[in-house]
2 protein chains.
Amino acid sequence: MTQSPWQPISPEKPARPVREPLSRERIVDTAMRMLVEQGYEAVSMRKVAQALGTGPASLYAHVANKQELDNLLVNRAAREMEFPEPDPDNWQEQLKASMREMLRVMRAYPGVARAAIGQIPLGEQAMLSTERFLAILKAGNLPDQAAAWAVDLIPLYVTAVAFEESVQRTWEWTEDDIEGFVSELRSYFNSLDPQRFPITIALAGALTSGGSGDERFEFGIQVITAGLASLARQQG
Amino acid sequence: MTQSPWQPISPEKPARPVREPLSRERIVDTAMRMLVEQGYEAVSMRKVAQALGTGPASLYAHVANKQELDNLLVNRAAREMEFPEPDPDNWQEQLKASMREMLRVMRAYPGVARAAIGQIPLGEQAMLSTERFLAILKAGNLPDQAAAWAVDLIPLYVTAVAFEESVQRTWEWTEDDIEGFVSELRSYFNSLDPQRFPITIALAGALTSGGSGDERFEFGIQVITAGLASLARQQG
DNA sequence: ACCTGAACACCGTTCAAGT
DNA sequence: ACCTGAACACCGTTCAAGT
């Protein structure tokens, strides 16, 4: 631990690399870029470190662990979301628009949904989006407890949808692959035992359509919005 | 490496172990037991193989990969779910009861939600539970396409809730830990900038209560059921 | 056909040592 | 305080070789 008391006064600064020092910011920037370009699987502590030209251990001075890094990525994405000024006469449409906005951002950062799922989003940006959702729900005259539970339900749904999509993106299917899969699925449904699967067979068409995702999502936010509206206090 | 050419003719069958041979059944049985006793993380190809007294490579003769094993576990759990006979006069209550039943089973096999999330459940037992949900929704007079999208939305929600719970179970919190966390959370909410987080602060109580899970889940299934009911065709 | 050991290409995290 | 190399204790999957 003791140091030699004699120290040469180096004329040209120290020999240490001139690389920019690590920081939380730089780590999250790099991880975010990797997330967009290569997907969630590519964002490991080791690969982020490598991209920064160092070893995995170096990250732990700035980030507690992988979970915290995931949290920071979710928070960074939340920064991108934009919400309308609450309007009591239009709250249902605003709620749907905000859920679409949330899905838009999660699609723009594929993999962020995987980082978000099962996390309690307590970062500042994530909290701000919660605040915005609460504002819309209170404009809709929802009771406090209903609004509080709703801001739990809403991200749960949007994140789950985005997560499903990102899993399927991982499989890297082409348009043809999807078409092939859907037609296989349809014939699988039709091959089921009619005694035990009568409705599945009857609805085979409906069950295998709307795979595009957008229609399904529109259905989901319609159901949630209508369900919440049924809980709103009557005005006046 | 060479062996002596002389081999005694063993009077009692070959020297190979008398262990029961591997099979899909045995692999899923073992994995399921490990899932219940030790959680999802414990169910790796390597550990399942070890529990069966063999190496990981041996499993691949019976199971395509980890993903297929996950699928088989979900399907095994689906076997446990029981559904009511559809009753058009009571479909909303039946729908809620069935969602509770689904959550009950996922809680009984903690970790199964992690295996299920982001999966398309095409096993026979999983398909049967879809058939049951469809039966209830059609008893409620929902249009085909709405029913088809609803059987996507419903497991999505229940699985996401069960998944969240299983993540939190992994942290192995005691009653006291939770209480401490909630009170920390509450004071964190109250410490926020009132200019930017007015509603979050005002609703701090509601936002941190009902963490038990059941109330939150009841709220969710109420919202979904009411939302779906709003889409049901009028009778007659 | 089924099973195996060993290897390949990865993980997250810790720790003693360096500057 | 920050950074590092090396190690620890893991993953899923493949493959040549055995029976």
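So that the names make sense, note that chain A is the first sequence line, chain B the second, and so on, each numbered from 1.
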State the CE-OG1 distance between B/Met102 and B/Thr159, to the nearest 0.5 angstrom. 4.5 Å
OP1, OP2 of C/dC11 versus side-chain N and O of A/Ser44: anything below 4.0 Å? yes
Quick test of your reading of the model: are A/Arg114 and A/Asp70 salt-bridged, counting only N-O distances below 4.0 Å? no
OH of A/Tyr60 versus C1' of C/dC15: gap in Å, rounded? 13 Å
Integer-rounded Å distance: D/dC2 P and A/Ile27 CD1: 11 Å
Atom CG of A/Leu59 and atom P of D/dA1: how far apart are they, to the nearest Å? 19 Å
Could you state the CG-C1' distance from B/Asp70 to D/dG12, rounded to the nearest angstrom? 12 Å
In whole Å, I'd like the distance from the CZ atom of A/Arg114 to the C1' atom of C/dC11. 15 Å
Could you let me know what C/dT14 is paired to, Watson-Crick or G-U wobble, both distances under 3.5 Å, or none if it's on its own? D/dA6
Scan every strand shown for a Watson-Crick or G-U wobble partner of C/dA1, both distances under 3.5 Å, and answer none if you come up empty. D/dT19
I want to check something: taking the side chain as every heavy atom from C-beta on, are A/Glu124 and B/Leu192 in contact at a cut-off of under 4.5 Å? no
Taking the same atom, C1', in C/dA17 and in D/dC2, what whole-Å distance lies between them? 13 Å
Is the distance between the ring centroids of B/Tyr157 and B/Phe217 under 6.0 Å? yes
If you assign each of A/Ser58 and A/Arg46 to its closest nucleotide in DNA chain D, which residue comes earlier from the 5' end? A/Ser58
Check whether any side-chain N or O of B/Lys47 sits under 4.0 Å from OP1 or OP2 of D/dC10, and answer yes or no. no
For C/dC3, does OP1 or OP2 lie under 4.0 Å from any side-chain N or O of B/His62? yes
Can you tell me, in whole Å, how much space there is between the C1' of D/dC11 and that of C/dC8? 12 Å
Rounded off to whole Å, could you give me the CG-to-P distance for the B/Asn65 and D/dC11 pair? 17 Å
For atom CE of A/Met45 and atom C1' of D/dC11, their distance in whole Å: 17 Å
Side chain A/Asn75, main chain A/Asn71, donor-acceptor under 3.5 Å: no
Separation of D/dC11 P from B/Leu69 CG (nearest whole Å): 13 Å
